Amino acid sequence: MKTTPFWNILKLLLVLAIICNFSYTAAAQNYYPADIGNEWVLERTDGKQNRVYKLEKPEDVADSEYTLLKIETVNPNTNKVVDTDKYFLTSDEEGIKLHKTVLEQAPFGNATAIFTTPAIFFPKELVLGDKWDVIVDANLKSPILEIDLKSTTNFEIVGFEDIVTPAGTFQNCAKIKLILTVVAAGGTINFDPTTSYQWLAPDVGPIKYEADDGQVFEMVSLKLVGPPPLNAQNPPMWQLPSLNFQVSGSRLGDTLSARVLENVEDYVTEVGNLGILSVTGNIVPPGDGTGFATNFQSKQDLWVAGRFTNAPIRGRITLFAENNKGRTTVTIDVTIN
């Protein structure tokens, strides 16, 4: 029979879909930097809820062979964590594998799934039109109920798109469609199938999520720490004088451009390469007046530009610095007068 009173139980299982699409990016090397310490914050467009994704080392020694993906649902007004979901992952030449999940939501209880044979969520490469299924058996325990549930998630890569978020504009993002079906043991309770979507940006990871109820979450911030440091040394570290810059620009035709930082290498340690990860607002993309230029000291200056008709020009730029020890990012706000 069809029923709705078990919505909160269903919500626990719906989170399995989130890990499925999130893990997919981890398997695709291009589309997910899966290093411990990385963090993504996605905010619901109405501002009422955040999803914070973190990659950590598990606390329990018994789980030390895994990477822990922890997803916290947070009320941004109170900073209170509403629920926490944990996924224990490994990766190899086949892709990302899921070994165990623990989905917590008081007072409805915990849904736990342990895979005697690790589940493979996806191949390493994202290919348009690819389809695959993920089946999860979970046991839900609460103060008033214990029930076995099975969820089946059908995945399909339905496109590659350019996506605009509060954290920036990202090109060639993979759009993944997920159809989730949940049934109780013995088929006594059936839920209507749900459809959601996830967008993943190359070299960034999850940037947008559309839930089955139409609520949209967009990335507002991220932290990418890069691969583990070699020989106990740190990857590049940014030491900017400020994260907010107001500069005076000069007009060339319909373009207003200005130098934001001189000798950028002086503001980052042990840098091997500098680059721009994303731009947003009225700042034009790299290559059209925005980018790095070598000065007379053979160092890099950061220039930004925008269309004069939009003056004063305001926007946000996410920079990266990397060397053989890893990559770090920093986001600055720029106003050109």
Side-chain angles (χ1 to χ4, degrees), residues 18 21-22 24-25 28 30-33 38-53 71 74 76 126 128 156-178 195-224 243-245 249 254-258 260 275-292 302-320 327 329-336:
I18 296 174
N21 53 56
F22 186 89
Y24 179 84
T25 63
N30 263 1
Y31 278 78
Y32 180 94
N38 288 353
E39 179 178 307
W40 298 259
V41 179
L42 275 62
E43 181 181 87
R44 208 166 78 181
T45 51
D46 63 4
K48 294 183 178 180
Q49 199 173 76
N50 288 351
R51 285 196 179 278
V52 182
Y53 299 71
I71 302 177
V74 180
L126 305 181
L128 182 63
E156 181 180 1
I157 303 175
V158 296
F160 289 86
E161 303 175 346
D162 296 343
I163 298 297
V164 178
T165 75
T169 300
F170 303 92
Q171 298 179 337
N172 197 35
C173 301
K175 181 180 180 180
I176 303 169
K177 179 180 180 180
L178 303 100
T195 301
S196 58
Y197 295 89
Q198 178 83 55
W199 286 261
L200 315 169
D203 297 320
V204 176
I207 61 166
K208 182 178 177 180
Y209 176 73
E210 180 179 330
D212 65 287
D213 61 358
Q215 294 286 355
V216 175
F217 294 79
E218 298 176 328
M219 188 175 73
V220 294
S221 67
L222 79 160
K223 180 178 70 174
L224 301 178
L243 296 180
N244 295 277
F245 294 85
D254 66 345
T255 300
L256 186 66
S257 62
V260 177
I276 296 176
L277 196 62
S278 66
V279 297
T280 188
N282 291 325
I283 296 173
V284 299
D288 194 13
T290 296
F292 291 96
L302 174 64
W303 289 77
V304 299
R307 303 305 174 202
F308 183 76
T309 53
N310 292 323
I313 295 164
R314 296 183 177 89
R316 179 174 290 178
I317 307 175
T318 299
L319 308 172
F320 71 81
R327 170 189 282 196
T329 63
V330 66
T331 299
I332 62 175
D333 291 306
V334 177
T335 299
I336 310 175

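In this text the structure is predicted, and so the values were computed from the model without any measurement.
In this structure, the side chain of Asn172 does not engage the main chain of Glu161 through any donor-acceptor pair within 3.5 Å. No donor-acceptor distance shorter than 3.5 angstrom exists from the side chain of Thr329 to the backbone of Phe320, with no hydrogens or angles considered. Counting only distance, with no hydrogens or angles, the side chain of Trp199 and the backbone of Glu218 share no donor-acceptor pair below 3.5 Å. A donor-acceptor pair under 3.5 Å links the side-chain atoms of Thr290 to the main chain of Val284, judged by distance alone.
Within the model, atoms CD of Gln49 and CD of Glu43 stand 10.5 Å from one another, a figure rounded to the nearest 0.5 Å. Residue Asn38 holds its CG atom at 14.5 Å from OH of Tyr53, rounded to the nearest 0.5 Å. Put simply, OG1 on Thr331 and CG on Leu319 are 7.5 Å apart, with the number rounded to the nearest 0.5 Å. Taking CD1 from Ile163 and OG from Ser278, the interatomic distance works out to 13.5 Å, rounded to the nearest 0.5 Å. Note that the CG atom of Leu128 and the CD atom of Glu156 stand 8.5 Å from one another [nearest 0.5 Å]. Summarising the geometry, atom CG belonging to Asn50 is positioned 16.0 Å from atom CH2 belonging to Trp40; distances are rounded to the nearest 0.5 Å.
Counting heavy atoms from C-beta outward, Lys208 and Tyr197 have side chains that stay 4.5 Å or more apart. Looking only at side-chain heavy atoms (C-beta outward), Thr165 and Phe217 stay at 4.5 Å or farther from each other.
Here the shortest heavy-atom pairing between Pro285 and Val279 reads CA-CG2, 3.8 Å. The two residues Leu256 and Ala311 have their closest heavy-atom pair at CD2-CB, 4.2 Å. Between Gly47 and Pro76, the closest heavy-atom pair is O-CG, 3.2 Å. Considering every non-hydrogen atom in both Phe170 and Ala201, the closest pair reads CB-CB, 3.8 Å. Counting all heavy atoms, side chain and backbone alike, Pro206 lies closest to Met219 at O-SD, 3.9 Å.
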Intermediate values then yes/no, side-chain contact (heavy atoms from CB on, under 4.5 Å), Phe245 and Ile336: CA-CA 8 Å; Phe245 294 85; Ile336 310 175; over 6 Å; no

Test log, rule side-chain contact (heavy atoms from CB on, under 4.5 Å), inputs Leu222 and Ile207: CA-CA 9 Å; Leu222 79 160; Ile207 61 166; over 6 Å; no

Test side-chain contact (heavy atoms from CB on, under 4.5 Å) applied to Asp46 and Gln215, step by step: CA-CA 9 Å; Asp46 63 4; Gln215 294 286 355; 3.9 Å; yes

Residues Thr309, Asp254; criterion side-chain contact (heavy atoms from CB on, under 4.5 Å); working and verdict: CA-CA 7 Å; Thr309 53; Asp254 66 345; 5.9 Å; no

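Applying the side chain to side chain donor-acceptor pair (under 3.5 Å) test to Arg307 and every residue at least two apart in sequence or in another chain returns Thr255, Asp288. With sequence neighbours excluded, no residue forms a side chain to side chain donor-acceptor pair (under 3.5 Å) with Glu39.
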